[in-house]
**Student:** 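Structure below; questions to follow.
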Amino acid sequence: MAESTPFSAEITEEYICPVCQEIFQTPVRTQTCQHVFCRKCFLMAMKSGGANCPLCRGPVSKSERSAPARASDIDLEMRMLLGGCMYCGKQVKLHYMKLHYKSCRKYQEEYGLSPKDPTIQKDQKSTKCQDPKYKCPLCSEQNLSQRSLLEHCNNVHYYQEVEMVCPICATLPWGDPIQTTGNIIAHLNARHRFNYQEFMNIHLDEEAQFQKAIENSYKLSR
């Protein structure tokens, strides 16, 4: 395989999403007009009532509005090419550019995303119970809530079929920390689109859960 090499400004334009004007993240391609977008940008355009290509207004089939075709050729090129971050200049593989933005201080300053006052964050942490944080099983991204882990995996790793241990299941009282699932992305979407802790106290046993349900039912009936 050829080594990754830096790209020129002219080549950069080929990897810019026409919707968000940023480097592609999980690129997908329309079937009729063959235009390429970030998967998230395309789906958002379709959810807003669109039935046409966001760029040329060409027709988009009903099936691809919810399941667009992967632009695997573009994705492969982005995994091989290096590019300079337009904010800090650091050389990063194009495939990981948007992931880099999360740690790029100049990008955060540009869009007003700089970390808040640490003393305020400390006070906030001390006044409420923090949700569990997870590390992405497919890359180095970490400190993700359950919702943000799902969004991250769908945006960055959606087309990867990898056998991994589910980081969410591994932390549940009934979970097995060494059990793997054949397709981690499909598993996350099938099992973790909702948060168990929003509906139940996962640290209570079955009998305690039953008693709690009876008590809540009694309170509601009064």
**Student:** Hydrophobic cluster membership, with links at side-chain heavy-atom distances under 4.5 Å among I/L/V/M/F/W/Y: are Met97 and Met86 in one?
**Tutor:** yes
**Student:** Taking side chain as C-beta onward, heavy atoms only, is Leu138 less than 4.5 Å from Val162?
**Tutor:** yes
**Student:** How far apart are the closest heavy atoms of Cys153 and Cys136, and which atoms are they?
**Tutor:** SG-SG, 4.1 Å
**Student:** Please round to the nearest 0.5 Å and tell me the distance separating atom CD of Glu14 and atom CG of Leu81.
**Tutor:** 9.0 Å
**Student:** Can you give me the closest heavy-atom contact between Val36 and Pro18, atom names plus distance?
**Tutor:** O-CD, 3.4 Å
**Student:** Are Leu99 and Ile74 linked, directly or through other ILVMFWY residues, by side chains that come within less than 4.5 angstrom of each other?
**Tutor:** yes
**Student:** For the residue pair Cys85 and Gln91, establish whether any side-chain heavy-atom pair is separated by less than 4.5 Å.
**Tutor:** no
**Student:** Considering all heavy atoms of both residues, which atom of Pro54 and which atom of Phe37 are nearest to each other, and what is their separation?
**Tutor:** CD-CZ, 3.6 Å
**Student:** Taking CD in Gln21 as the centre, count heavy atoms belonging to other residues, nucleotides or ligands within less than 6.0 Å. Is the count above 12?
**Tutor:** yes
**Student:** Determine whether a donor-acceptor pair (N or O, by modelled atom type, separation under 3.5 Å) exists between the side chain of Gln146 and the backbone of His192.
**Tutor:** yes
**Student:** What closest approach, in Å, do Pro137 and Leu149 show between heavy atoms, and which atom pair accounts for it?
**Tutor:** CD-CD1, 4.2 Å
**Student:** Rounded to the nearest 0.5 Å, what separation is found between the CG atom of Leu76 and the CE atom of Met80?
**Tutor:** 6.0 Å
**Student:** Let me check something: do Tyr15 and Tyr96 share a hydrophobic cluster, defined by ILVMFWY side-chain heavy atoms less than 4.5 Å apart, either directly or through other members?
**Tutor:** yes
**Student:** At what distance, to the nearest 0.5 angstrom, does CZ of Arg79 lie from NZ of Lys93?
**Tutor:** 9.5 Å
**Student:** Less than 4.0 Å between a side-chain N and a carboxylate O, is that true for Lys102 and Glu141?
**Tutor:** yes
**Student:** Closest approach of Leu150 and Asn189, non-hydrogen atoms and distance?
**Tutor:** CD1-OD1, 3.7 Å
**Student:** Decide yes or no for Cys166 and Leu188: does some side-chain heavy atom of the first lie under 4.5 Å from some side-chain heavy atom of the second?
**Tutor:** yes
**Student:** Closer than 3.5 angstrom, by distance alone: can the side chain of Glu64 be matched with the main-chain N or O of Ser61 as a donor-acceptor pair?
**Tutor:** yes
**Student:** Taking the side chain from Lys135 and the backbone from Cys139, do they hold a donor-acceptor pair closer than 3.5 Å?
**Tutor:** yes
**Student:** Look only at the side chain of Arg70 and the backbone of Pro27, and say whether a donor-acceptor pair between them is shorter than 3.5 Å.
**Tutor:** no
**Student:** Give a yes or no on this: more than 12 heavy atoms of other residues, nucleotides or ligands lie within 6.0 Å of atom CE of Met46.
**Tutor:** yes
**Student:** For the backbone of Ile184 and the side chain of Thr181, can you confirm whether one donor and one acceptor N or O come within less than 3.5 Å of each other?
**Tutor:** no
**Student:** Mind running side-chain contact (heavy atoms from CB on, under 4.5 Å) on Lys106 and Cys88 for me, showing each step along the way?
**Tutor:** CA-CA 6 Å; Lys106 290 191 176 180; Cys88 70; 4.3 Å; yes
**Student:** With rounding to the nearest 0.5 Å, note down the distance linking OH in Tyr159 to CG in Asn154.
**Tutor:** 10.5 Å
**Student:** Are the side chains of Leu144 and Lys133 in touch, meaning some heavy atoms are under 4.5 Å apart?
**Tutor:** no
**Student:** Can you hop from Val165 to Ile168 via hydrophobic side chains spaced under 4.5 Å?
**Tutor:** no
**Student:** With the side chain counted from C-beta on, respond yes when Gln179 and Cys169 share a heavy-atom pair under 4.5 Å apart, and no when they do not.
**Tutor:** no
**Student:** Is it the case that more than 12 heavy atoms not belonging to Tyr87 sit under 6.0 Å from its OH atom?
**Tutor:** yes
**Student:** Under 4.5 Å between any side-chain heavy atoms of Met164 and Thr180, yes or no?
**Tutor:** no
**Student:** Between Tyr134 and Thr171, is the side-chain contact (heavy atoms from CB on, under 4.5 Å) condition met? List the steps.
**Tutor:** CA-CA 9 Å; Tyr134 306 99; Thr171 62; 3.6 Å; yes
**Student:** Are Met78 and Val156 connected in a single hydrophobic cluster, I mean Ile/Leu/Val/Met/Phe/Trp/Tyr linked by side-chain heavy atoms less than 4.5 Å apart?
**Tutor:** no
**Student:** Check whether any side-chain heavy atom of Phe42 sits under 4.5 Å from a side-chain heavy atom of Thr30, and report yes or no.
**Tutor:** yes
**Student:** Are Tyr101 and Tyr107 an aromatic pair, judged by ring center distance below 6.0 Å?
**Tutor:** yes
**Student:** Give a yes or no on whether Lys98 atom NZ has more than 12 heavy-atom contacts from other residues, nucleotides or ligands under 6.0 Å away.
**Tutor:** yes
**Student:** Between atom CD1 of Ile23 and atom NE2 of His100, what is the distance when rounded to the nearest 0.5 Å?
**Tutor:** 11.0 Å
**Student:** As an exercise, state the distance from NZ of Lys47 to NZ of Lys40, rounded to the nearest 0.5 Å.
**Tutor:** 9.5 Å
**Student:** Which pair of heavy atoms, one from Gln160 and one from Ile185, lies closest together, and at what distance?
**Tutor:** O-CG1, 3.5 Å
